[in-house]
Amino acid sequence: MAPKDTAISLTFPDGNARSFEAGVTAGDVAASISTSLRKKAISATVNGAHYDLAWPIEEDASIAIHTMADEEQANELVRHDLAHIMARAVQEIWPDTKVTIGPVIENGWYYDFDRAEPFTPEDLGLIEKKMKEIINKRDPVRTEVWDRARAIKHYEDNGEPYKVELIEAIPGDEPLRMYWHGDWQDLCRGPHLQHTGQVPGDAFKLMSIAGAYWRGDSDRAMLQRIYGVAFTGKEKLRAHLNMLEEAAKRDHRKLGREMDLYHMQEEAPGQVFWHPNGWTIYTTLQDYMRRKQRAGGYREINTPQVVNRKLWEASGHWEKYQEHMFIVEVEEEHAAEKAVNALKPMNCPCHVQVFNQGLKSYRDLPLRLAEFGACTRYEPSGALHGIMRVRGFTQDDAHIFCTEDQIEAECAKFINFLADIYDDLGFEKFEIKFATRPEKRVGSDESWDHVEGALEAAIKATGREFTLEPGDGAFYGPKLDFYLTDAIGRVWQCGTFQVDPNLPERLGATYIGEDGAKHRPYMLHRACLGSFERFIGILIENSAGKLPFWLAPRQVVVASIISDANDYVEDVVAALQAACVRAEADVRNEKINYKVREHSVAKVPIILAVGAREVEDRTVTVRRLGEKQTKVEALADVTETLGRDATPPDLL
RNA sequence: GCUGCUGUAGCUCAGAGGUAGAGCACUCCCUUGGUAAGGGAGAGGUCGAGAGUUCAAUUCUCUCCAGCAGCACCA
């Protein structure tokens with residue numbers, strides 16, 4: 001046994017421990033096992049931390065050596081090294097470019113640069129070429145620990161003000177780690193690979209250039225960000241690029257056009273012109289939600305679109321969101337001044353007005369007021385995105401007026417309500433994020449404890465998992481956000497549940513308690529879909545346009561093969577329509593191939609082809625979207641099956 | 001809102017300082033064809049809007065509008 005201060009014991013994943021000199025590096029450890037491992041090694045996990053092979057280990061620890069086969073670590077290192085290599089390439093090509101930061105992100109990395117000239121798409125090719133040169137040089141990666149003053153001096157001398165600012169923003173006064181890829185230097189936490197040649201040169205691609213604010217602050221400089229994707233092998237890169245192509249095909253803006261669902265135009269930016277097909281989805285979904293809400297104990301109401309600023313001032317929205325409201329000024333006759341109104345950006349204050357009419361008793365609580373509330377918000381132009389982020393939208397909004405003691409039960413009831421709806425709409429999984437008290441808040445700690453406790457207990461009562469988002473709640477209360485994952489792994493916030501004692505206070509809502517005195521109710525803001533526009537966008541992208549049959553705007557096309565079958569086609573359509581199926585005839589003078597192609601492109605789920613044989617036998621030939629084979633079935637059977645399939649899930 | 005890019009026929013796109021083209025879609029004619037595009041003809045555009053440079057602008061410059069990507073924002 002060596003003396004305690006110079007020998008340490010390292011435990012390997014298989015449970016074996018070996019003794020090493022203190023200060024040994026993971027690289028040395030790998031070399032001590034075999035020369036081939038020394039070559040293949042890329043990093044190590046030491047006591048759970050990701051370690052560079054060059055960092056000294058001073059204490060007893062567990063250790064696992066990583067190679068390119070360890071996907072998680074390999075991806076991180078490859079992407080991180082590529083960020084540095086890209087920054088080096090950019091500075092080699094354009095030496096007056098200032099570097100800032102370049103983190104690893106999902107599937108790749110980005111790096112932000114400050115350069116007077118904008119990068120062009122052609123530049124990406126140049127940079128990529130230079131990066132490959134750097135990789136081929138197999139330049140060693142070197143690391144040193146510097147004290148701050150030296151690092152700051154270094155960056156000041158090299159004219160890198162962003163790096164100076166970064167160092168000054170790092171709390172504490174610990175020394176900093178510096179890295180070199182060849183002669184190119186960057187401030188970096190690490191870890192990194194051992195030399196640039198360890199980066200697979202054929203498994204990365206520079207994707208795009210975009211603006212990004214320095215430190216994410218819109219008051220500061222706009223930098224140029226270059227995004228790249230990288231993997232451990234070129235097949236994985238190819239798979240990723242394929243996935244992106246698939247995602248592009250599902251884009252609701254493209255499908256919306258192809259399926260003739262809606263359009264938007266310059267005169268009404270961020271607002272939807274729904275076409276018959278899209279509006280069929282919308283109303284079918286709304287009818288469904290209306291039935292679910294009624295069954296769930298909600299009372300539906302409707303409130304005005306244009307509301308005087310006085311109400312928005314009282315609610316506090318005028319002060320905070322005036323910039324984002326559509327203002328409507330009206331010159332009223334004989335009035336001393338113009339009436340200033342705003343299109344309602346949200347429904348809550350209006351719902352409190354409904355609550356406030358007449359005296360409410362504790363016996364009325366919980367009172368659940370629902371509205372398909374059409375809201376209009378002047379969203380920043382750059383935020384608009386198809387029908388997913390719009391200026392005019394309709395929420396499936398509701399507010400539950402209740403006592404503090406009723407919050408937990410209402411919350412649990414809502415989670416189950418929402419889960420049931422998501423399930424019906426084809427989303428099996430969703431994620432709950434629980435946002436708790438922020439730094440700046442109103443209300444006593446005692447009250448926060450109670451309300452947060454109620455939400456947590458409610459989630460647990462439903463047996464669901466959640467992730468905590470400490471500090472992300474509103475200033476007046478905690479909230480739950482519900483996230484859906486679509487078919488290609490993208491995550492969307494839809495549902496929400498928010499506890500609000502503030503607005504009832506501001507707008508003077510009260511109820512008479514058992515004690516005969518006035519009390520302040522809590523208000524629970526909640527939505528399942530969020531907005532119909534956004535949710536329909538998600539439905540389209542999630543299903544790639546192949547919506548569940550009951551939601552498909554065009555469910556069945558009955559197509560004649562010969563014109564002698566046209567009369568029978570009309571019979572079939574009538575039979576289907578009588579069974580509440582959205583069926584239409586296609587008796588155009590076109591070949592069946594043509595009709596099949598056209599309706600397949602339009603994502604019609606069922607095509608029924610009808611020729612001489614079908615007329616003779618009172619049958620139809622069924623072809624389902626995406627299937628090649630067809631099946632001959634009796635008309636009566638098909639009508640029954642499709643009639644059932646067309647029924648919304650809550651009515652089955 | 002910020003940075004960059006884009007805007008030509010319903011859609012996808014080509015084009016050039018001398019007032020425009022393709023494919024699909026559309027209309028008409030021929031074709032009655034059995035599961036992803038049968039053939040022919042025709043019609044369709046103030047080249048996003050406004051200003052400037054020029055003998056001449058859809059093309060070059062500027063401003064505005066809208067869209068796209070990212071950032072910031074999302075009650």
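All values derive from a computational prediction rather than experimental measurement. Numbers restart at 1 for each chain; the letters A, B, ... are given by sequence-line order, proteins then strands. Hydrogens, waters and symmetry mates are skipped; everything else that's a heavy atom, side chains included, is used.
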If I take atom CZ in residue A:R597 and atom P in nucleotide B:C24, what distance separates them, rounded to the nearest angstrom?
11 Å

Side-chain-base donor-acceptor pair under 3.5 Å for A:T621 and B:G34:
yes

Using only modelled atom types and a 3.5 angstrom limit, is any donor from either the side chain of A:E614 or the base of B:G34 paired with an acceptor on the other?
yes

Run the ring-centre check on A:F497 versus A:H525 and record whether the distance is less than 6.0 Å.
no

Tell me whether the rings of A:W279 and A:W274 are parallel (<30°), tilted (30 to 60°) or perpendicular (>60°).
tilted

Say you pick atom C1' in B:A66 and the same atom in B:G50; how far apart are they, in whole Å?
15 Å

Rounded distance in Å between the C1' positions of B:U59 and B:C74
40 Å

Return the nearest nucleotide to the side chain of A:I561; candidates are B:G34, B:U35, B:G4.
B:G34

Side-chain donor/acceptor of A:Y213 to base of B:G1, under 3.5 Å:
yes

Ignoring backbone atoms, test whether A:H385 places a side-chain nitrogen or oxygen under 4.0 Å from the OP1 or OP2 oxygen of B:C74.
no

Under 4.0 Å between a side-chain N or O of A:K628 and OP1 or OP2 of B:A36?
yes

B:U54 to B:U61 separation - C1' atoms, rounded to the nearest Å
12 Å

Using the P atom on both, measure B:G45 against B:A22 and round to a whole Å.
14 Å

Ring geometry between A:F401 and A:F355 (parallel below 30°, tilted from 30 to 60°, perpendicular above 60°):
parallel

Could you give the CZ-to-C1' distance, from A:F119 to B:C71, as a whole number of Å?
16 Å

Would you mind reading off the distance between A:M325 atom CE and B:G1 atom C1', rounded to a whole angstrom?
18 Å

Base B:C74 to side chain A:R389, donor-acceptor N/O within 3.5 Å cut-off:
yes

Of the options B:A37, B:G70, B:A75, whose atoms approach the side-chain atoms of A:A210 most closely?
B:G70

Please state whether the phosphate of B:C71, meaning OP1 or OP2, lies under 4.0 angstrom from any side-chain nitrogen or oxygen of A:R215.
no

More than 12 heavy atoms of other residues, nucleotides or ligands under 6.0 Å from CD of A:Q265: yes or no?
yes

Taking only side-chain N and O atoms of A:Y227, does any of them lie within less than 4.0 angstrom of OP1 or OP2 on B:C71?
yes

If you only use heavy atoms from C-beta on, which nucleotide in B:G70, B:A72, B:C74 is closest to the side chain of A:R377?
B:C74

Can you see if the side chain of A:R225 gets near the phosphate of B:G4 - specifically, an N or O under 4.0 Å from OP1 or OP2?
no

Between A:D114 (CG) and B:G4 (P), how many Å, whole number?
13 Å

Taking the six-membered ring for Trp, are A:Y262 and A:H252 parallel (under 30°), tilted (30 to 60°) or perpendicular (over 60°)?
parallel

Can you tell which of B:A36, B:G7, B:U12 lies closest to the side chain of A:R257?
B:U12

Distance between the P atoms of B:A37 and B:C68, in whole angstroms?
32 Å

Taking only the side-chain nitrogens and oxygens of A:R253, find out if one of them lies under 4.0 Å from OP1 or OP2 of B:C68.
yes

Please name the pair of heavy atoms, one in A:A268 and one in A:F273, separated by the smallest distance, quoted to 0.1 Å.
CB-CE1, 4.1 Å

Among the nucleotides B:C26, B:C71, B:A36, which one has an atom lying closest to any side-chain atom of A:Y594?
B:C26

Can you tell me how the ring of A:F430 sits relative to the ring of A:Y422, calling it parallel under 30°, perpendicular over 60° and tilted otherwise?
perpendicular

With rounding to the closest Å, how many angstrom separate the P atoms on B:G23 and B:G18?
24 Å

Is there a side-chain contact between A:M131 and A:L82 (heavy atoms, below 4.5 Å)?
yes

If I take atom CG in residue A:L124 and atom P in nucleotide B:G70, what distance separates them, rounded to the nearest angstrom?
15 Å

Are the ring centres of A:F532 and A:F372 closer than 6.0 Å?
yes

Which of these nucleotides, B:U35, B:A75, B:G7, is closest to any side-chain atom of A:E266?
B:G7

Checking only heavy atoms, does the side chain of A:R220 share a donor-acceptor pair with the base of B:A72 at less than 3.5 Å?
no

What interatomic distance, in whole Å, is found between P of B:G39 and the corresponding atom of B:C24?
9 Å

Name the closest nucleotide to the A:E379 side chain, picking from B:C74, B:G38, B:U35.
B:C74

With rounding to the closest Å, how many angstrom separate the C1' atoms on B:A57 and B:G67?
24 Å

Hey, are the side chains of A:I538 and A:F427 touching, using non-hydrogen atoms and a 4.5 Å cut-off?
yes

Interatomic distance where CE belongs to A:M222 and P belongs to B:C73 [whole Å]:
12 Å

Can you tell me whether the side chain of A:S563 and the base of B:U32 have a donor-acceptor pair closer than 3.5 Å?
yes

Of residues 522-536 of chain A, the positions that come close to RNA chain B - non-hydrogen atoms, cut-off under 4.0 Å
none

As an exercise, state the distance from CG of A:D217 to CZ of A:R215, rounded to the nearest 0.5 Å.
9.5 Å

Contact under 4.0 Å: A:S381 side-chain N or O vs B:G1 OP1/OP2
yes

Return yes if some donor-acceptor pair links the side-chain N/O of A:T120 with the main-chain N/O of A:D123 below 3.5 Å, else return no.
yes

Side-chain touch A:T100/A:F113, heavy atoms, less than 4.5 angstrom:
no

Contacts of A:P118 and A:H317 projected onto RNA chain B by closest heavy atom; the upstream (5') one is A:P118

Of the listed nucleotides (B:C74, B:A37, B:C71), which one gets closest to any side-chain atom of A:A212?
B:C71

Quick one: which of B:G7, B:G34, B:A75 gets closest to the side chain of A:I592?
B:G34

Any idea which of B:C73, B:G38, B:G34 is nearest the A:R613 side chain?
B:G34

Given a 3.5 Å cut-off on both pairing distances, which stems involving RNA chain B, each at least three consecutive Watson-Crick or G-U pairs, are present, if any?
B:1-7 with B:65-71, B:10-13 with B:21-24, B:26-30 with B:38-42, B:48-52 with B:60-64

